[in-house]
Amino acid sequence: MGHSSAVDVCNVVKRYLDDPALPPALNNVSVNIAHNEFFTLLGPSGCGKTTLLRAIAGFETVSSGDIFLGGERINDLPPYRRRINTVFQSYALFPHMSVAENIAFGLEMQGLGKQAVPKRVKEMLALVQMEHLANRKPAELSGGQQQRVALARALAPQPAVLLLDEPLSALDLKLRKEMQVELKRVQQEAGITFIFVTHDQEEALTLSDRIAVMSAGNIMQIGTPGDIYERPQHRFVAQFIGDINFLPGQMRPGHDQPVFRPAAMPVDIPCQPPSGIDLSRVQLAFRPERSRLVDPSQPHHLRAVIETVMYVGTATLYRCRLPDSSQITLRESNEGGLARNVGEGVAVHLPPQACLLMEA
């Protein structure tokens, strides 16, 4: 096993009970995470993302499979022998210690020299921009500040990998957004592999170099935020990340390329099916912001009637009903155009690059 990856998870299975009839918490999971990568495990509650994180940390033993850190198999190493640190949801700071003492604690436990500890603490305080609060106790800090101290304390011993288990979930939205920017900056400056667990799609898209989308103990897809959003390989991934519309229908031969004919109406939408897809049961998927509302007099477009109008600041969302009573959501950016009204008939243009074909 080479050292090109920071972490290699190979065919890992985790069962909590020995009953083979019960689905495992991790079902033959494999993933390679690069050095200095911001890698996110994303999925709904119970999908196995935290179990995988805990298995990498050594808090869970795996039922089968192997975990490597920098090419070395670490299955049998206890957590404190792995060059891995974890930042939890609850920051677990020592209440009786100052910020600086909290950060120094792990370094002293490691046996770092008396001269080296204050120097390293100072570097960490600078990294998380907390120098001015070095002597405060955790109770005197805001949630965001406590989060920074927890981060500094975990990074101080210079682990090879930092694991973060939904560390921003306790913060309010505005602070959470600020801390996302901060986390990305700290990761880039520290030059350490971050493995981040979240169920928040927007957070995953914002922070990650790559994302693994998980469901029921399986990794459904691994890719860059752009891959996962623009080219989802499964219906689950498409639905979990962002909003998406599905149109039932069937493929037909077209003049120069195949076309999709929705069940809702006789219009042909040109689109190229991906290889290996069962063309007898396909659906067309498209993101609300990738469609365009056009003049209803134009032929060859989907027809719809607006049922709900939702103004969301930078854009307006239109919930529309198709002739077969199915619904789609369309999103138009608010660039000073006219808002459309409930009951209005519209035509929907789907550019070929907006169309995704998926097995139904």
Side-chain angles (χ1 to χ4, degrees), residues 6 36-42 49-50 53-54 56-57 59 79-80 82-110 112 116-200 202-209:
N36 303 348
E37 184 171 29
F38 200 121
F39 191 91
T40 297
L41 301 171
L42 174 69
K49 57 191 188 298
T50 297
L53 199 77
R54 290 175 60 82
I56 295 169
F59 302 135
Y80 64 89
R82 302 183 184 200
R83 287 191 54 220
I84 293 173
N85 261 348
T86 307
V87 177
F88 297 100
Q89 258 171 341
S90 61
Y91 313 132
L93 299 173
F94 301 115
H96 58 289
M97 291 186 189
S98 70
V99 166
E101 288 164 347
N102 263 284
I103 297 170
F105 181 78
L107 300 171
E108 287 159 357
M109 295 292 285
Q110 262 191 338
L112 202 62
V117 172
K119 182 173 177 289
R120 183 77 184 137
V121 168
K122 208 171 162 201
E123 285 169 13
M124 288 297 99
L125 286 168
L127 180 66
V128 297
Q129 298 170 346
M130 293 279 289
E131 300 101 320
H132 59 300
L133 297 172
N135 299 318
R136 293 268 181 98
K137 295 281 202 303
E140 302 168 66
L141 303 176
S142 70
Q145 289 166 337
Q146 290 185 31
Q147 172 64 73
R148 284 165 196 243
V149 179
L151 196 57
R153 186 179 63 179
L155 286 170
Q158 296 178 295
V161 176
L162 188 67
L163 308 178
L164 301 107
D165 189 7
E166 305 224 20
L168 307 183
S169 59
L171 305 176
D172 66 60
L173 187 64
K174 192 169 187 311
L175 189 55
R176 194 169 177 156
K177 297 268 186 238
E178 286 169 19
M179 279 303 297
Q180 286 172 7
V181 176
E182 199 56 21
L183 211 50
K184 188 77 179 158
R185 178 188 67 76
V186 167
Q187 188 263 333
Q188 286 166 342
E189 285 184 25
I192 286 178
T193 303
F194 275 27
I195 306 177
F196 187 83
V197 160
T198 184
H199 61 267
D200 182 318
E202 198 181 331
E203 189 161 271
L205 293 171
T206 306
L207 288 171
S208 315
D209 296 315

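All values reported here derive from a predicted model rather than from experimental measurement. Hydrogens, waters and symmetry mates are skipped; everything else that's a heavy atom, side chains included, is used.
- Side-chain contact check for V149 versus L133: every heavy-atom pair is 4.5 Å or farther apart.
- Residue pairs satisfying the ring-ring contact (aromatic ring centres under 6.0 Å, His included) criterion with at least one member in residues 142-192, sequence neighbours excluded, are absent.
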Q | Intermediate values then yes/no, side chain to side chain contact (heavy atoms under 4.5 Å, CB included), D209 and K184 | A | CA-CA 10 Å; D209 296 315; K184 188 77 179 158; 3.4 Å; yes
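- Side chain of R120 to main chain of I103: no donor-acceptor pair is present (N/O by atom type, distance under 3.5 Å, no hydrogens or angles).
- Contacts of E178 classified as salt bridge (charged side-chain N to carboxylate O under 4.0 Å, His left out), with partners at least two apart in sequence or in another chain: K174.
- Residues meeting the salt bridge (charged side-chain N to carboxylate O under 4.0 Å, His left out) test with E203, sequence neighbours left out: R176.
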Evaluation steps, side chain to side chain contact (heavy atoms under 4.5 Å, CB included), between Q180 and E202: CA-CA 11 Å; Q180 286 172 7; E202 198 181 331; over 6 Å; no
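- Contact detail for G144 and L175: the closest heavy-atom pair is N-CD2, 3.6 Å.
- Every residue meeting the ring pair (Phe, Tyr, Trp, His ring centres under 6.0 Å) condition with F38, not counting sequence neighbours, appears here in chain and number order: F194, F196.
- The side-chain hydrogen bond (donor to acceptor under 3.5 Å, both in side chains) check on S169 picks up Q89, with sequence neighbours excluded.
- Identified under the salt bridge (Lys or Arg N to Asp or Glu O under 4.0 Å) test for residues 133-148, with sequence neighbours left out: R148-E182.
- Partners of K119 under the salt bridge (charged side-chain N to carboxylate O under 4.0 Å, His left out) rule, at least two apart in sequence or in another chain, are E123.
- Smallest separation of non-hydrogen atoms from L162 and A154: CD1-CB, 3.5 Å.
- Identified under the side-chain hydrogen bond (donor to acceptor under 3.5 Å, both in side chains) test for residues 125-134, with sequence neighbours left out: none.
- Residues V117 and A104 share a closest heavy-atom pair of CG1-CB, 3.7 Å.
- A heavy-atom distance below 4.5 Å is found between the side chains of I195 and L41.
- Under the side-chain hydrogen bond (donor to acceptor under 3.5 Å, both in side chains) criterion, K122 pairs with no residue at all, not counting sequence neighbours.
- For R153 (side chain) and F105 (main-chain N/O), no donor-acceptor pair under 3.5 Å exists by modelled atom type.
- Taking 4.5 Å as the limit, some side-chain heavy atom of L127 sits within range of a side-chain heavy atom of V186.
- A distance of 12.0 Å separates CD of Q147 from CG of L141, quoted to the nearest 0.5 Å.
- Take A204 and apply the side chain to side chain contact (heavy atoms under 4.5 Å, CB included) test, not counting sequence neighbours, and it matches T40, L42, T198, S208, I211.
- Separating the CG atom in L151 from the CG atom in N85 is a distance of 10.5 Å, to the nearest 0.5 Å.
- Looking only at side-chain heavy atoms (C-beta outward), L183 and L164 come within less than 4.5 Å of each other.
- Put simply, the side chain of N102 reaches to within 4.5 Å of the side chain of P138, judged on heavy atoms.
- Note: F39 CZ to L163 CG = 12.5 Å, rounded to the nearest 0.5 Å.
- Under the 3.5 Å distance criterion, the side-chain polar atoms of Q187 are matched with a main-chain donor or acceptor of I192.
- The list of salt bridge (Lys or Arg N to Asp or Glu O under 4.0 Å) pairs with a residue in residues 158-172, not counting sequence neighbours, is empty.
- Note on residues 93-108: no pairs pass salt bridge (Lys or Arg N to Asp or Glu O under 4.0 Å), not counting sequence neighbours.
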